[in-house]
Every structure is written in structure tokens, then in C-alpha cells.
Amino acid sequence: RKDDPTDRHFILGGDREIWLSSIRGFVLSAATAKFPERIDGGYLVIKEPHGSLGAPLLMEALPESRMVFLVRHPGDVVASTLDAHRKGSWPEVRRGKRERRTLAQEQPDRFVNSRSRSYLRDIEYVKQAYEAHKGCKVLVRYEDLRANTLGTMKRIYSALEIAVDERDLAKAVDKYAWENIADKKKGEGKFFRKATPGGWREDLTSEQARIVEEVTRPLLEEFYP
């Protein structure tokens, strides 16, 4: 079978080092080309929530990297995604006006089910990468970051063994605080939507909340007991 990893003809079978080194080379080459100023020092932070499926391979290919595992209550994740897929929302505006209706509009409950499953899958892959990673790493819940941003950021820097000036960190936290974002940039359908942990209770219907709870139960039991 062409997709059987035990088959010698399967391109990703056999010696993992062969293709892991290719992944490493691709990532480092692209990063160097995009951010040449980082070659001689500093850190390059990569935020890739939609690339979670590749987290185990990326962390294995780049073992010297530091890792932040950020998890958020699935109810709020789904509510946010549902809002972003409605007509007139910020992704639609950014890409240009489109007339077609989306699954979020036509069949919202089905959309909620699909997104819940996707998020559960993503978290499972990130958890796999996190547990296997031997380097510096830290697990952060969005709710804790929102409740005590400065304290949580200090914990992140400490766990990742990155030196930081606390005054500079405090200034950055204040600059990007939800409260300091202009009101015209916040609200439904916008990139800065709500930043209210537990807001899913108001955003989702009772049936949608049930779907999220049923689908993501393993995640809820582990991170939100």
C-alpha cells in the first residue's frame, strides 16, 4: 500500500531522520529568508493555531525550540469561530466582499459540531507534541492569561528561560490590554470580539452548548474539570 509506513516505497516511511531533517531545513530556510534580522540573535515567535496537526513533527524537527501550549475553553473557541464565519465578519471584509452563504449561516448546529471536533483534534495533537518535547515549555489557559495577564506572562518567560525586563513587559501588557483597544475596533463580527471567558453561555444556543460539551468532553475533563 502506498500509504503504509512499513512499505519501503512509502516516502514518509523508514528512517524518520531523513524527512525530519527536510522539515527542519524547510522551516529554518523560510524563517531566515523572511526574518533575516533574527539570524544573529533574538527570538522568532510562531503562532499557528491552524497548523496544530503538524505540531508533533515540527517540535521533533526543531527540538531546541521553546513551546507554549495555549488552550481555551472550547465553548468560547466555537462561539468565536461561529461569529467569524457570519456574513459581514472581519475575515470576509479582509478577503473582499463575498455573496455566498456559509455553513455557519445555513446550518449553525452542524458547523458547531464540525468546529468542536476540529478543536478537539487540534488540542490532542498539540498535547502530543507538548508531552514529547524535552526542551523548555509551558502550558497556559487563556482564562488565566486574561484574568492575570502580567503574572501569567512572567510565568511564561520564566518557564521558557527567557530573560525579560519586568517594566518593559508591564508596558507591553498595558499597551495590548483589551481595555485599551479602541471601542470601534471591538465587538461582534470584528477581530477583537469579546475577550470574555465564559461568554459562550450567551453566544451559543442550548443545543449548540450541548454539542460542544458532548464532542469535547475529554478536553473539558482534563483542562476544565
Side-chain angles (χ1 to χ4, degrees), residues 31 35 38 41-52 55-56 58-59 62-81 83-84 90 116 119-120 122-188 190-204 209 212-213 216-225:
F35 306 97
R38 295 296 181 183
Y43 299 93
L44 176 62
V45 179
I46 300 176
K47 175 189 175 185
E48 185 48 83
H50 303 299
S52 301
L58 285 174
M59 295 311 298
L62 299 159
E64 73 278 25
S65 297
R66 295 166 169 83
M67 181 178 183
V68 179
F69 180 3
L70 177 63
V71 62
R72 187 180 185 184
H73 191 288
D76 284 324
V77 172
V78 171
S80 178
T81 309
D83 179 76
W90 66 268
S116 296
Y119 187 59
L120 176 63
D122 289 345
I123 290 299
E124 288 175 342
Y125 274 100
V126 176
K127 180 185 174 185
Q128 178 183 330
Y130 183 81
E131 292 177 343
H133 186 54
K134 304 302 182 184
C136 296
K137 57 187 177 182
V138 61
L139 170 63
V140 181
R141 294 198 322 169
Y142 172 86
E143 293 75 15
D144 299 329
L145 184 62
R146 184 76 180 93
N148 181 13
T149 307
L150 183 57
T152 303
M153 289 300 296
K154 288 180 180 179
R155 179 170 70 85
I156 292 173
Y157 274 91
S158 176
L160 300 184
E161 298 182 1
I162 299 177
V164 62
D165 185 298
E166 290 194 10
R167 290 172 297 182
D168 291 339
L169 184 59
K171 289 179 181 178
V173 167
D174 182 66
K175 179 180 179 179
Y176 295 104
W178 168 262
E179 292 74 16
N180 291 330
I181 297 174
D183 289 341
K184 64 180 181 180
K185 295 183 177 181
K186 298 188 289 190
E188 290 186 5
K190 298 180 180 178
F191 182 80
F192 302 105
R193 188 182 70 95
K194 202 167 187 176
T196 304
W200 60 270
R201 295 182 177 87
E202 301 172 355
D203 301 331
L204 302 178
V212 172
E213 181 177 2
T216 65
R217 190 177 306 280
L219 187 160
L220 291 170
E221 291 177 348
E222 179 168 3
F223 298 105
Y224 297 92

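Fair warning: this is a prediction, and the values are worked out from it, not measured in the lab. Values below: all heavy atoms of this structure, side chains included; hydrogens, waters and symmetry mates excluded.
The closest side-chain heavy-atom distance from I156 to T152 is below 4.5 Å. Contact of the H73 side chain with the L219 side chain is not registered, since no non-hydrogen atoms from C-beta on lie closer than 4.5 Å. Using a 4.5 Å cut-off on side-chain heavy atoms (C-beta onward), E188 and D83 make contact. The shortest side-chain heavy-atom distance between V140 and R155 falls under the 4.5 Å cut-off. Q128 has its side chain within reach of Y125: a pair of non-hydrogen atoms, C-beta onward, lies under 4.5 Å apart. Between L62 and E64 there is a side-chain heavy-atom pair separated by less than 4.5 Å. Counting heavy atoms from C-beta outward, L220 and P74 have side chains that approach closer than 4.5 Å.
To the nearest 0.5 Å, atoms OG1 (T196) and CZ (R201) are separated by 12.0 Å. For the atom pair S65 OG and I46 CD1, the distance stands at 7.5 Å (nearest 0.5 Å). Between the CZ atom of F191 and the OG atom of S80 there is a distance of 9.0 Å, given to the nearest 0.5 Å. Residue E166 holds its CD atom at 7.5 Å from CG of L150, rounded to the nearest 0.5 Å. Between atom NZ of residue K154 and atom CG of residue N148 there is a gap of 8.5 Å, rounded to the nearest 0.5 Å.
Of all heavy-atom pairs spanning M153 and L145, the tightest one is SD-CD1, 4.0 Å. Contact between T149 and V173 at its shortest, heavy atoms only, is CG2-CG1, 3.7 Å. Smallest separation of non-hydrogen atoms from R66 and E161: NH2-O, 3.7 Å. Scanning all heavy atoms of the two residues, the minimum distance from L204 to G75 falls at CD1-O, 3.9 Å. What you find for N180 and D174 is that their closest heavy atoms are ND2-O, 2.6 Å. Of all heavy-atom pairs between A31 and L44, the closest is CB-CD2, 3.6 Å.
Residues K194 and D203 are paired through a salt bridge, judged by an N-O separation under 4.0 Å between the basic side chain and the carboxylate.
With hydrogens and angles disregarded, a donor-acceptor distance shorter than 3.5 Å links the side chain of T216 to the backbone of V212. The backbone N or O of R72 sits less than 3.5 Å from a side-chain atom of Y119, completing a donor-acceptor pair.
For Y176, the OH atom is loosely surrounded, since the number of other residues' heavy atoms within 6.0 Å does not exceed 12.
Annotation: cation-pi pair K137/Y130 present, NZ/CZ under 6.0 Å from the ring centroid and within 45° of its normal.
Between F69 and F223, the two ring planes are perpendicular [angle over 60°; tilted spans 30° to 60°].
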Item to complete: List the steps, then state whether side-chain contact (heavy atoms from CB on, under 4.5 Å) holds for M67 with V126.
Response: CA-CA 10 Å; M67 181 178 183; V126 176; 3.7 Å; yes

